[in-house]
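The structure under discussion appears below in the form of structure tokens.
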Amino acid sequence: MTLLYQKYRPIEEAVAAIPHGASIMVGGFGSPGTPFALIDELLAQGQRDLTLIKNDANEPGIGIGKLIEAGRVSHLITSHIGLNRDAIAAMNRGELHVTMHPQGLLAEKIRSAGAGHHGFLTDIGQGTEIATRRREIELEGRTWGIEPALYADFALVHAERADRYGNLIYRATASNFNPLMAMAADTVIAQAYRVDEPGSLAPESIHTPCAFVSQVVQVAPATSEQGRRAHVG
Amino acid sequence: MTLLYQKYRPIEEAVAAIPHGASIMVGGFGSPGTPFALIDELLAQGQRDLTLIKNDANEPGIGIGKLIEAGRVSHLITSHIGLNRDAIAAMNRGELHVTMHPQGLLAEKIRSAGAGHHGFLTDIGQGTEIATRRREIELEGRTWGIEPALYADFALVHAERADRYGNLIYRATASNFNPLMAMAADTVIAQAYRVDEPGSLAPESIHTPCAFVSQVVQVAPATSEQGRRAHVG
Amino acid sequence: MSADQQRILTRAAREVIPGQIVNLGIGLPTRLFHYLPEDLEVLVHSENGVLGCRPRHADEAPDYEMIDSGGAYIATRPGASVFDSAISFAMIRRSRVDLTFMGAFEVDELGNLANWKIPGKFSPGIGGAMELAQKVKRLVILCSHNDKHGNAKILQRCRLPLTAERCVSRIITDKAVMDVTPQGLTVVDIAEGLSVAELREATDAKLIVDDAQLGRF
Amino acid sequence: MSADQQRILTRAAREVIPGQIVNLGIGLPTRLFHYLPEDLEVLVHSENGVLGCRPRHADEAPDYEMIDSGGAYIATRPGASVFDSAISFAMIRRSRVDLTFMGAFEVDELGNLANWKIPGKFSPGIGGAMELAQKVKRLVILCSHNDKHGNAKILQRCRLPLTAERCVSRIITDKAVMDVTPQGLTVVDIAEGLSVAELREATDAKLIVDDAQLGRF
């Protein structure tokens with residue numbers, strides 16, 4: 001239990017709670033919503049043998065791309081790593097164990113944990129190789145795949161605004177996996193561009209209520225790193 | 001498929017699509033979030049033999065209490081009807097078939113449908129009589145209850161604000177089951193105190209995206225009916 | 001409210017630690033709301049979808065769309081959020097609620113709780129009790145020690161349908177404060193003016209009493 | 001962009017009905033974005049969490065936190081909403097997306113689709129393709145009729161790992177527009193200047209052609 005007034009922390013202290021070998025959910029779909037500052041702090045502190053759960057592998061040289069290049073990730077549970085050629089190469093060399101899930105099932109496996117369930121029944125992927133790797137059950141005359149919930153020791157999430165109790169608001173497409181991971185991990189570390197006093201966020205505007213957040217740190221607004229992506233609209 | 005520009009309708013027309021015998025989810029926890037105007041229209045139109053899915057039975061003389069008193073409800077799937085003595089009496093006389101679920105499981109059964117799943121695995125209620133009425137499965141050395149998803153033909157939901165595409169914003173504790181039901185029913189009819197042009201609601205402030213909403217109707221703001229409850233804070 | 005209820009609530013308020021997230025069950029626990037100082041840094045969770053509620057001030061107009069799970073019109077304090085029922089119960093099932101107070105028909109030595117159904121007599125539903133009882137980090141029961149006929153509510157084994165198994169941490173009644181321990185029910189405090197023998201007489205469970213440790217309330 | 005690709009996209013734009021919710025897959029379908037008039041009352045869904053996106057105007061500064069699923073910086077139109085990945089895929093699994101365009105490695109007569117993996121050669125992941133293909137109301141495939149070695153991509157049976165079974169409604173290539181029907185692949189339109197014999201030659205599936213109904217594009 002983290003008491004409400006203990007949640008607002010220096011970034012070094014928050015990340016120092018993560019041990020070697022931890023399983024860590026990392027928010028973000030591409031750059032938006034990726035907690036770059038928390039990842040960089042993790043890189044600096046040296047934790048290794050990590051299992052990361054993230055939609056994608058970012059791109060070479062940014063975000064979890066750095067952790068993968070530094071050899072700190074032993075297992076990546078993801079949906080698509082097509083934008084990170086280094087991660088694909090590490091996978092092909094057998095240095096990075098990669099588990100791929102359809103994106104919506106990955107989201108729901110995390111959400112299932114966040115809701116305190118043990119898994120869910122789906123028809124997604126029936127008739128494909130996805131179905132061959134999971135247990136099935138007959139119910140009401142049809143065959144359903146059982147997708148177990150995906151829990152983690154830690155989640156690193158990114159928000160636009162927060163208060164020091166850990167209430168979070170996401171912006172634009174930076175929401176993605178963040179609110180799901182914030183519910184699914186045992187310890188949730190949130191970074192936000194702005195952390196204000198409780199009462200500064202309208203109750204209806206809060207996307208992740210503070211009950212799910214263990215620690216909250218303030219980070220500098222959008223760095224150039226988030227803009228230096230190859231893609232243009 | 002309801003096209004975007006066809007969603008904003010007169011209330012009579014929206015409710016007229018509901019046939020006798022329909023299963024209908026109704027938002028609300030107590031009065032907040034209960035779509036009183038849609039319920040009153042349903043009462044006026046005369047649909048009968050309805051299966052209602054609602055957290056509670058409102059109170060005598062308001063909301064679905066009226067439908068129950070008028071004998072229009074054959075089955076109520078709910079969590080608690082303690083504030084409606086008439087509904088309890090109808091249940092005890094055998095005139096109203098009532099299925100009770102723990103509140104969070106009821107919410108999740110609806111959410112499971114809304115997510116397009118067939119059910120979920122839970123330990124809630126293990127060791128109680130809830131567990132005796134559901135199928136179980138052994139996974140990873142433990143026994144889990146299988147809770148099937150709960151779909152419905154229609155959902156009647158209440159929002160504070162909407163746009164005419166059907167984007168919805170809830171206020172205060174009027175959210176409750178509304179966003180879950182809006183995802184779980186085949187046809188979703190939303191009432192809102194204010195329906196504006198698309199673009200009037202900030203994208204981050206929208207709780208239910210319009211893709212889930214079939215029709216949206218505008219209703220008069222909070223009537224005295226919603227205030228005439230026995231409870232005082 | 002009776003003097004017994006007041007004593008239960010006054011004692012119960014001491015259970016709340018600043019910085020916690022607390023849920024108050026329907027009935028007697030709801031009234032604990034008024035025993036928590038407004039400047040206490042605690043967020044009260046109500047399962048209908050609000051975290052950070054407080055009682056309405058006497059001069060505040062009710063907001064008809066802001067209620068707690070018992071149906072009372074409430075207000076919010078700084079740091080409050082509102083959310084849907086799925087988020088609200090996710091919070092409960094993920095044990096993000098630190099402390100819940102609940103009433104009881106029966107509680108037993110193992111920490112089993114029965115408070116939702118009396119077959120043939122009372123079954124208005126389940127509400128959020130099962131999830132809260134099963135998953136909250138710490139469940140404190142507030143109830144009268146005996147029912148209106150004088151029958152014990154603190155039992156060796158519950159007889160009514162259970163709300164949840166082995167879920168209770170502490171029981172606060174008008175007669176005693178008792179902890180559920182691996183050894184059985186351990187009396188922490190006993191009501192002023194009551195003897196241990198009288199307490200045992202009013203209870204259908206074995207009570208462990210260490211006179212040297214026993215407090216009064 | 002090649003003339004063939006332009007012809008595919010011009011033809012594909014005619015599939016979109018005003019008032020629909022449309023998803024554009026990564027690759028060629030993403031470029032369809034620029035073929036939809038900005039005043040067309042359509043909400044484009046991108047599975048990373050936005051409904052109602054539009055291409056950025058040339059003079060608009062990019063918002064680095066507003067991308068589509070391919071990673072392009074986009075903008076929104078009136079009626080847009082943003083949401084998390086669970087809501088986004090609930091929308092997909094509940095068939096709230098009316099129309100999806102997707103690329104393909106292989107498509108077959110039954111409407112089976114393979115577009116995510118070439119064992120031993122290409123397996124960057126799955127992304128949202130499986131859910132979109134399986135659950136969208138109408139799936140239109142946009143792809144070259146033959147691969148760069150001239151091999152047919154329109155087959156009697158897919159050989160690569162499937163994305164989803166029996167999911168495709170229509171296929172638009174540089175050579176033809178074909179519908180998946182219970183009878184097999186029915187040619188709707190054929191490219192200007194191409195003979196039916198040439199089309200059959202470039203295809204490894206049986207094609208049903210009714211000359212009287214055949215359109216050109």
Side-chain angles (χ1 to χ4, degrees), chain B residues 28-33 55-57 59 78-85 87-88 91-92 98 100-108 110-111 114 122-130 158 160 170-180 207-208 222-224 226-233, chain C residues 26 30 33 46-50 53-57 60 62-76 80 82-93 112-114 116-117 119-120 122-135 161-167:
Chain B
F29 184 122
S31 284
N55 175 62
D56 53 80
E59 295 168 54
T78 187
S79 154
H80 199 285
I81 60 171
L83 292 182
N84 190 333
R85 61 179 178 276
I88 293 177
M91 171 177 76
N92 289 340
V98 176
M100 297 278 190
H101 295 288
Q103 193 168 104
L105 291 190
L106 179 63
E108 284 297 315
I110 296 166
R111 196 271 168 194
T122 185
D123 62 352
I124 294 294
Q126 294 298 96
T128 75
E129 68 174 58
I130 296 299
H158 168 81
E160 182 76 10
Y170 310 101
R171 194 179 70 77
T173 56
S175 176
N176 54 65
F177 283 74
N178 282 300
L180 315 176
H207 296 118
T208 295
T223 64
S224 61
Q226 284 156 286
R228 71 172 189 79
R229 301 174 55 256
H231 304 269
V232 286
Chain C
I26 293 176
T30 299
F33 219 12
S46 192
E47 63 269 25
N48 57 312
V50 54
C53 44
R54 62 162 174 80
R56 220 160 29 94
H57 298 153
E60 273 179 302
D63 175 345
Y64 292 136
E65 297 204 335
M66 185 64 90
I67 64 168
D68 67 14
S69 60
Y73 296 119
I74 48 127
T76 57
V82 292
F83 34 80
D84 67 36
S85 300
I87 297 280
S88 189
F89 279 87
M91 226 174 257
I92 292 168
R93 283 188 304 266
N112 295 322
L113 170 66
W116 73 280
K117 186 177 189 176
F122 177 87
S123 58
I126 308 170
M130 278 197 180
E131 279 123 328
L132 274 162
Q134 189 175 334
K135 293 294 185 180
L162 293 187
T163 306
E165 285 183 318
R166 296 172 183 272
C167 56

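The sequence lines fix the lettering, A, B, ..., with proteins before strands; numbering per chain opens at 1.
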Output the option from C:A75, C:P55, C:S69, C:C53 having the highest count of non-hydrogen pairs under 4.5 Å with chain B.
C:S69
Heavy-atom cut-off 4.5 Å, strictly under: side chain, backbone, both or neither for B:A107 against chain C?
side chain
Please classify the contact between B:I88 and chain C as side chain, backbone, both or neither, with a heavy-atom cut-off of under 4.5 Å.
side chain
Hey, does the side chain of B:T173 reach the backbone of C:I67 with a donor-acceptor pair shorter than 3.5 angstrom?
yes
So what's closer than 4.5 Å to chain B heavy atoms on C:A86: side chain, backbone, both or neither?
both
Contact part of B:I110 toward chain C, heavy-atom cut-off under 4.5 Å: side chain, backbone, both or neither?
neither
Quick one: which of C:R93, C:Q134, C:E165 has the most heavy-atom pairs under 4.5 Å with chain B, could you say?
C:Q134
Would B:R111 and C:D84 count as a salt bridge (charged side-chain N to carboxylate O under 4.0 Å, His left out) if you check the C-alpha gap in whole Å, the side-chain angles of each, and the deciding distance to 0.1 Å?
CA-CA 11 Å; B:R111 196 271 168 194; C:D84 67 36; over 6 Å; no
So what's closer than 4.5 Å to chain B heavy atoms on C:F83: side chain, backbone, both or neither?
backbone
What part of B:H207 is in contact with chain C, defined as an atom under 4.5 angstrom from a non-hydrogen atom: side chain, backbone, both or neither?
neither
Between B:Q126 and chain C, which part of the residue has a heavy atom less than 4.5 Å away: side chain, backbone, both or neither?
backbone
Residue part contacting chain B, namely of C:D63, when any heavy atom lies under 4.5 Å
side chain
Tell me, side chain or backbone of B:D123 under 4.5 Å from chain C's heavy atoms, or both, or neither?
both
May I ask you to name which of B:L105, B:V98, B:N84, B:N55 has the most heavy-atom pairs under 4.5 Å with chain C?
B:L105
Check: C:E65 side chain, B:Y170 main-chain N or O, donor-acceptor pair, under 3.5 Å
no
Using non-hydrogen atoms only, which part of B:L180 is less than 4.5 Å away from chain C: side chain, backbone, both, or neither?
side chain
Does the side chain of C:W116 reach to within under 4.5 Å of the side chain of B:H80, using non-hydrogen atoms?
no
Give, as side chain, backbone, both or neither, the part of C:E47 having an atom under 4.5 angstrom from any heavy atom of chain B.
both
Part of B:P102 within contact of chain C (heavy atom distance under 4.5 Å)
both
